[in-house]
Amino acid sequence: MIWYNLMGWIPLWTNVNERNVSKEFLEGLSEVQLQAVVNYNGPTLVIAGAGSGKTRVLTYRIANMLADGVNPHSVLSLTFTNKAAAEMKERIKTVVGEKAKYLWMGTFHSIFARILRAEADKLGYPSTFTIYDTADSRSVLKSIIKEMNLDEQVYKVNEVHSRISLAKNNLVTPAVYANTSSLVTIDAANRRPRIADIYKKYMQKCYLSGAMDFDDLLLNTNVLFRDHPDVLNKYQNIFKYILVDEYQDTNMAQYLIVKKLSEQHGNLCVVGDDAQSIYSFRGAKIENILNFRNDYPNYQLFKLEQNYRSTQTIVNAANSIIAKNSKQIKKKSFSAKDPGERIKVLKAYTDQEEGFLVAGSISDIIYREHREYLDFAILYRTNAQSRIFEDALRKKNIPYKIYGGLSFYQRKEIKDMVAYLRLIINHNDDEAFKRIVNYPARGIGDTTLTHLEQAAVANATNLWTITTQAPLDKVGLKGGAIKKMGEFAQLIQSFQSAIYTESAYDFALMVATQAGIIKDLKEDKTNEGVSRFENLEQLFNGIKEFEENAKESGEPLPITIDRFLENVALLTDADSEKPEDKNKVSLMTVHSAKGLEFKHIFLVGLEENLFPGQMSSQSQDDLEEERRLFYVAVTRAEITATISYAQSRYKWGNITSCVPSRFIKEIDSSYIDWNEDSMFGGSSSSASSGGNSYSTQHFKPKANTISAQRTVAPTPQHHPVSAITEPADMSELEVGMEVEHERFGFGKIEALEGSAPEIKATVAFTVAGTKTLLLKFAKLRIVKR
DNA sequence: CGGCCCCGCGTTTTT
DNA sequence: CGCGGGGCCG
């Protein structure tokens with residue numbers, strides 16, 4: 001290992017390549033950041049703790065190279081999201097100017113899709129191959145499982161897909177799969193011995209459709225480099241410098257691509273944080289970063305340990321969490337900021353109250369600290385949790401936005417339109433074919449399609465070839481169906497001559513019009529239909545925008561539709577944030593929060609079987625990943641982090657009781673503030689650490705949130721703790737009894753259901769309204785039998 | 001062939 | 001509880 005040269009002083013003007021280039025941008029970097037920026041030759045590992053200025057180092061490292069005269073065409077920079085790539089490129093541009101646009105900068109998938117298109121003939125693919133998204137892949141698998149007459153309950157599409165994806169990410173071919181005992185054993189144990197066969201058929205079907213799925217983009221790049229040394233050599237020579245962001249999230253296929261490409265020049269720089277590896281469920285190998293030292297023994301190591309984002313308390317608390325993990329690279333993350341506030345823990349009685357507390361807490365901080373909505377994020381483990389917080393925020397008139405959920409490109413109307421374009425560019429694309437053959441409705445039904453599919457399988461070809469080349473009467477179609485299929489094929493073919501002569505926008509508009517898509521959407525006057533039409537308009541705006549961007553970079557005209565289509569499957573709508581969404585509270589999963597930061601973080605649903613998730617408490621490795629996820633969540637916070645949990649919540653329509661997450665106890669208690677009920681005025685001094693007394697003061701009903709339509713509200717009952725009658729024996733309770741709840745006040749039991757210990761009581765409270773309570777928590781005092 | 005209803009299922013997901 | 005897919009019926 002090479003120790004970097006501690007010059008202590010770096011001239012701001014250097015004479016590399018006899019060019020005087022301003023390097024003022026290097027000012028303001030810390031010593032270790034600076035060293036990681038200027039030493040850009042040789043294998044380099046940058047361990048970048050949360051908030052340590054990782055992106056800054058990466059962008060300045062590249063900017064510095066370019067300032068030294070390195071050709072941008074020879075720099076390959078790989079990220080995991082389009083957004084990260086675009087942002088980085090933009091930042092480099094502000095430092096070194098226009099030449100930044102010649103950098104090879106993008107996601108693994110988009111960069112290698114580009115290379116695969118250029119080299120497609122060597123793998124027997126058309127350069128216009130379709131990229132199948134997850135939905136396409138699943139649809140193909142579904143038809144294969146049906147075709148093989150396998151039990152769809154046993155061969156669940158999702159699970160089969162993830163097995164195949166796992167195999168591809170590890171470069172395991174169908175033949176190898178069948179001979180790999182570790183894989184076969186697991187499948188046998190799950191009574192799914194035929195996954196290897198499905199896998200094989202799946203690959204064939206994709207190939208016959210001229211399609212690659214997401215995993216194929218990486219797998220086939222490996223195949224290309226393995227089987228065509230000349231091609232590998234070509235790209236090895238092109239890429240003199242290779243940089244990889246979020247290296248801890250690379251899988252085997254990505255790891256090997258990077259390793260091979262960097263063999264020639266050896267200038268590989270990987271940046272990452274093993275503590276933030278949270279995608280192993282998608283095949284990411286934390287070992288890639290842990291073992292970098294073994295792959296490149298003469299590597300330089302830079303550890304960015306200072307956290308510039310968060311308070312000391314947050315950083316120290318996060319460290320105390322991650323210390324429980326065994327697999328990690330040693331580093332000590334620290335903050336030089338103020339100690340800051342301790343991490344608050346909010347204990348809620350129900351999931352609804354959790355939402356209520358968090359929303360209340362947000363408006364409280366906004367008022368007290370003069371913050372804006374955009375300073376807040378609510379982070380949860382699963383998307384299903386978002387609803388509660390949406391409701392609570394809406395009631396308080398707090399604007400919010402939700403990340404995740406259905407992406408723009410996954411909407412039906414968008415997929416339909418894109419499928420037309422796909423089929424026109426690549427006739428063999430069976431998934432596109434099936435999607436639109438009867439959209440808009442033209443009387444082609446299941447029967448017809450089944451005949452065609454059977455013929456396609458029997459002849460080892462695709463639907464288009466059968467439709468246009470087979471005698472359709474021999475395939476089993478009747479006169480009417482034959483005619484309709486002929487018309488459909490002709491429609492698709494009629495666009496052929498215009499593909500490369502029309503601009504993308506004009507072409508797409510022509511297709512949408514002539515195929516009857518516009519008419520179909522316009523006829524639907526329902527709100528839903530109108531919104532679908534607007535979405536289609538938005539797609540067209542996107543196409544126009546794409547065209548304008550390409551024009552601006554001086555590409556030859558016309559900018560055609562195939563160019564737009566190339567990457568459409570790789571797009572997510574994460575990059576297109578609407579301006580009106582700027583100042584809003586952000587709601588998202590912890591996974592999607594990675595890389596982001598907020599002044600105030602609310603980390604919710606900290607309960608066993610939710611966070612950590614129930615599937616994760618099985619194995620040590622899974623638990624460690626959940627812990628890293630928790631670490632990622634806490635380190636998003638700049639100023640305060642608040643944790644919340646509920647003692648009962650609705651799961652799939654049923655109330656279930658919840659146990660606080662083990663992760664709360666794992667935080668060093670000196671960084672925790674258990675005084676969970678101080679926020680609405682904070683007169684209370686109760687609730688000692690870990691105690692199970694319920695907080696009451698913060699639940700003062702507000703006129704606009706609780707419908708207090710009854711008569712005079714009784715003054716809230718503040719019993720001294722000792723005066724509370726022992727919780728009534730559940731068996732004593734009966735419908736009609738009047739009871740008192742320490743928080744909700746007086747009420748009458750309207751119904752009892754369920755069996756011990758999960759008995760639920762529906763109680764009509766005088767003030768708080770009707771609530772369904774789990775008796776084991778409710779501590780009801782009987783007032784009148 | 002298309003629409004409607006009912007049943008089953010329901011971590012995380014940058015690509 | 002809320003959605004999506006499959007199956008059945010018109």
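Residue numbering restarts at 1 for every chain, and letters A, B, ... go by the order of the sequence lines. In this text the structure is predicted, and so the values were computed from the model without any measurement. Hydrogens, waters and symmetry mates are skipped; everything else that's a heavy atom, side chains included, is used.
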Is there any protein nitrogen or oxygen under 3.5 Å from a nitrogen or oxygen in nucleotides 2-5 of chain B, and what are the pairs?
| residue | atom | partner | partner atom | Å |
| --- | --- | --- | --- | --- |
| B:dG2 | OP1 | A:Asn438 | ND2 | 3.4 |
| B:dG2 | OP2 | A:Asn438 | ND2 | 3.3 |

In chain order, what residues pass the salt bridge (charged side-chain N to carboxylate O under 4.0 Å, His left out) check against A:Arg532, with sequence neighbours excluded?
A:Asp524

Sort out for me which residue in A:Lys146, A:Glu147, A:Lys434 forms a side-chain contact (heavy atoms from CB on, under 4.5 Å) with A:Glu453.
A:Lys434

Whole angstrom value for the distance that separates P of B:dT15 from CD1 of A:Ile111:
14 Å

Would you say A:Thr447 reaches B:dC1's phosphate, i.e. side-chain N/O to OP1/OP2 under 4.0 Å?
yes

Using a 4.0 Å heavy-atom cut-off to protein, can you give one letter per nucleotide of nucleotides 2-10 of chain C, 5' to 3': B if the base is in contact, S if only the sugar-phosphate is, - if neither?
S--SS----

Are OP1 or OP2 of B:dT15 and a side-chain N or O of A:Asn82 less than 4.0 angstrom apart?
yes

Rounded distance in Å - CZ (A:Phe80) to P (B:dT14)
13 Å

In terms of relative ring orientation, are A:Phe630 and A:Phe663 parallel, tilted or perpendicular, with 30° and 60° separating the classes?
parallel

A:Asp245 CG to B:dT15 C1': how many Å, rounded?
15 Å

I need a per-nucleotide contact map over nucleotides 6-13 of chain B, read 5' to 3'. Cutoff is protein heavy atoms under 4.0 Å; write B for the base, S for backbone only, - otherwise.
---SBBBB

When rounded to the nearest 0.5 angstrom, what is the spacing between CD in A:Gln248 and CD in A:Glu246?
5.0 Å

Using side-chain hydrogen bond (donor to acceptor under 3.5 Å, both in side chains) as the criterion, list what pairs up with A:Glu152, not counting sequence neighbours.
none

A:Glu431: side-chain hydrogen bond (donor to acceptor under 3.5 Å, both in side chains) partners, not counting sequence neighbours
A:Ser139

Whole-Å distance between B:dC1 P and A:His451 NE2?
9 Å

We want to know whether A:Gln352 and A:Glu354 form a side-chain donor-acceptor pair, criterion being a heavy-atom distance below 3.5 angstrom.
no

